[in-house]
Amino acid sequence: MTFTNPLRNPPLGDQLLFQLRSLIVRGELSVGTHLVEGRIAERFGVSRGPVRDALRQLEIEGLVETRKRGVYVRGLSEKDLVELYSLRGALESLAIKEAVARLDAADWTPIDEALEQMRSAAVASDPAKFAAADLDFHSGFYLLGDNRWLTATWALHRPLFATVLEITNTDRDLVRVADDHAELSGIIRSGDVDAALAALATHLDGSCDRIRATLSERPRPQPAF
């Protein structure tokens, strides 16, 4: 199967984690699949150490679970997505409130640079780079808010959102998406908290709805391990 090609470029652990996360989110590893360390190591051409680390991280992210006889796929359901976006909305709303409170001292360079990277990725039709720049954009508001605990909490969930966005950005007009982000930035930069929170809610609701629609069309998984 093409999605289990041996991994040869470092860091192996990060590559393995990314591929396993993507397989689960895409539904190519079905709920209940037993993830055996030795089999995964053999399929991907790595030692058991990176496999063990990857499975531990995926359990933190809620995509797998440990049972008496090993590690099994939990998957990403529609309910999971709704809950994840509800959490993200709460976190990012607080980040924006704190960013607006510090508006006079704010350095918008990271956000402006992320927008430029989004536009560049859109022109190149590169959904992976676009997704990374998209999340750099949103992460910029956490940096502006200067709340390290809030930023650290967002960092725990960012990798999962990155995988989801990369999958759903494949068939979208990325130039338009970049323009939407620029508009959101302008509203937040205006200092109108109510307008900023309303725009963020609309933005995240639309993203959640698109992702739910995309993932609902996932093909029936085939045995992988």
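The shortest distance between side-chain heavy atoms of F18 and E166 falls below 4.5 Å. Put simply, the side chain of D53 does not reach to within 4.5 Å of the side chain of L17, judged on heavy atoms. Considering only heavy atoms from C-beta on, L35 stays 4.5 Å or farther from L20 through its side chain. In this structure, the side chains of F141 and L94 stay at 4.5 Å or more apart for every pair of heavy atoms. Between V164 and L84, every side-chain heavy-atom pair lies at or beyond the 4.5 Å cut-off. In this structure the side chain of L81 reaches within 4.5 angstrom of the side chain of L76, judged on heavy atoms. Taking the side chain as every heavy atom from C-beta outward, I211 and L165 approach each other to under 4.5 Å. Looking at heavy atoms from C-beta onward, R52 lies in side-chain contact with E37 at the 4.5 angstrom threshold.
One distance of note links NE2 of H157 with OH of Y85; it measures 13.0 Å at 0.5 Å rounding. From R88, atom CZ reaches atom CZ of R158 across 9.5 Å, with rounding to the nearest 0.5 Å. One finds the NZ atom of K97 at 9.0 Å from the CG atom of D194 (value rounded to the nearest 0.5 Å). Taken from CG in N147 to OG1 in T151, the straight-line distance is 6.0 Å, to the nearest 0.5 Å. In this structure, E83 CD and E78 CD are separated by 11.5 Å, a value rounded to the nearest 0.5 Å.
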| task | Go through the steps to decide whether D192 and I187 satisfy the test side-chain contact (heavy atoms from CB on, under 4.5 Å), and finish with yes or no. | result | CA-CA 7 Å; D192 187 333; I187 294 172; 5.8 Å; no
| field | Test log, rule side-chain contact (heavy atoms from CB on, under 4.5 Å), inputs L115 and W108 | value | CA-CA 11 Å; L115 281 170; W108 289 83; over 6 Å; no
| request: Give the C-alpha distance, both sets of side-chain angles, the deciding distance and a yes or no for side-chain contact (heavy atoms from CB on, under 4.5 Å) between M118 and L174. | output: CA-CA 8 Å; M118 290 174 72; L174 298 182; over 6 Å; no
| task | Mind running side-chain contact (heavy atoms from CB on, under 4.5 Å) on Q57 and I60 for me, showing each step along the way? | result | CA-CA 5 Å; Q57 178 59 33; I60 292 173; 3.9 Å; yes
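Remark: E98 does not engage R102 in a salt bridge, criterion side-chain N to carboxylate O under 4.0 Å. A salt bridge links R119 and E116; the closest N-O separation between the charged side-chain nitrogens and carboxylate oxygens is under 4.0 Å.
Hydrophobic clustering, with ILVMFWY side chains joined whenever heavy atoms are under 4.5 angstrom apart, keeps V175 apart from F137. Cluster membership for L204 and V100, using ILVMFWY side-chain heavy atoms within less than 4.5 angstrom, is shared. A chain of hydrophobic side-chain contacts below 4.5 Å, direct or via other Ile, Leu, Val, Met, Phe, Trp or Tyr residues, connects I96 to L87. Both L200 and V193 are members of a single hydrophobic cluster when ILVMFWY side chains are connected at heavy-atom separations under 4.5 Å. F161 and I167 fall within the same hydrophobic cluster, where Ile, Leu, Val, Met, Phe, Trp and Tyr residues are linked whenever their side-chain heavy atoms come under 4.5 Å apart, directly or through other members.
In the model, Q117 has no side-chain atom that pairs as donor or acceptor with a side-chain atom of E113 under 3.5 Å. Side chains of T109 and D112: no donor on one and acceptor on the other come within 3.5 Å.
Judged purely by atom type and a 3.5 angstrom limit, S77 uses its side chain to pair as donor or acceptor with the backbone of D80. Formation of a donor-acceptor pair under 3.5 Å by the T153 side chain with backbone atoms of W149 is found in this model.
When all heavy atoms of V73 and G75 are compared, the pair lying nearest together is CG1-N, 3.4 Å. Across all their heavy atoms, S22 and T163 have their closest contact at CA-CG2, 3.7 Å. Between L103 and G191, the shortest heavy-atom distance links the atoms CD2-CA, 3.6 Å. When all heavy atoms are compared, the tightest approach of H34 to V71 is CD2-O, 3.3 Å. The minimum heavy-atom distance between F44 and Q19, with the atom names listed, is CE2-OE1, 3.3 Å. Residues R67 and Y72 share a closest heavy-atom pair of CD-CD1, 3.5 Å.
Partners of D179 under the salt bridge (charged side-chain N to carboxylate O under 4.0 Å, His left out) rule, at least two apart in sequence or in another chain, do not exist in this structure.
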Please tabulate, for side-chain N and O atoms in residues 126-134, each donor-acceptor pair with protein atoms closer than 3.5 Å (sequence neighbours left out).
{"unit_1": "D126", "atom_1": "OD1", "unit_2": "A128", "atom_2": "N", "d": "3.3"}
{"unit_1": "D126", "atom_1": "OD1", "unit_2": "K129", "atom_2": "N", "d": "3.1"}
{"unit_1": "D134", "atom_1": "OD1", "unit_2": "H138", "atom_2": "NE2", "d": "3.4"}
{"unit_1": "D134", "atom_1": "OD1", "unit_2": "H181", "atom_2": "NE2", "d": "3.1"}

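Sorted by first and then second residue, the salt bridge (charged side-chain N to carboxylate O under 4.0 Å, His left out) pairs with a member in residues 200-210 read D209-R212; sequence neighbours excluded.
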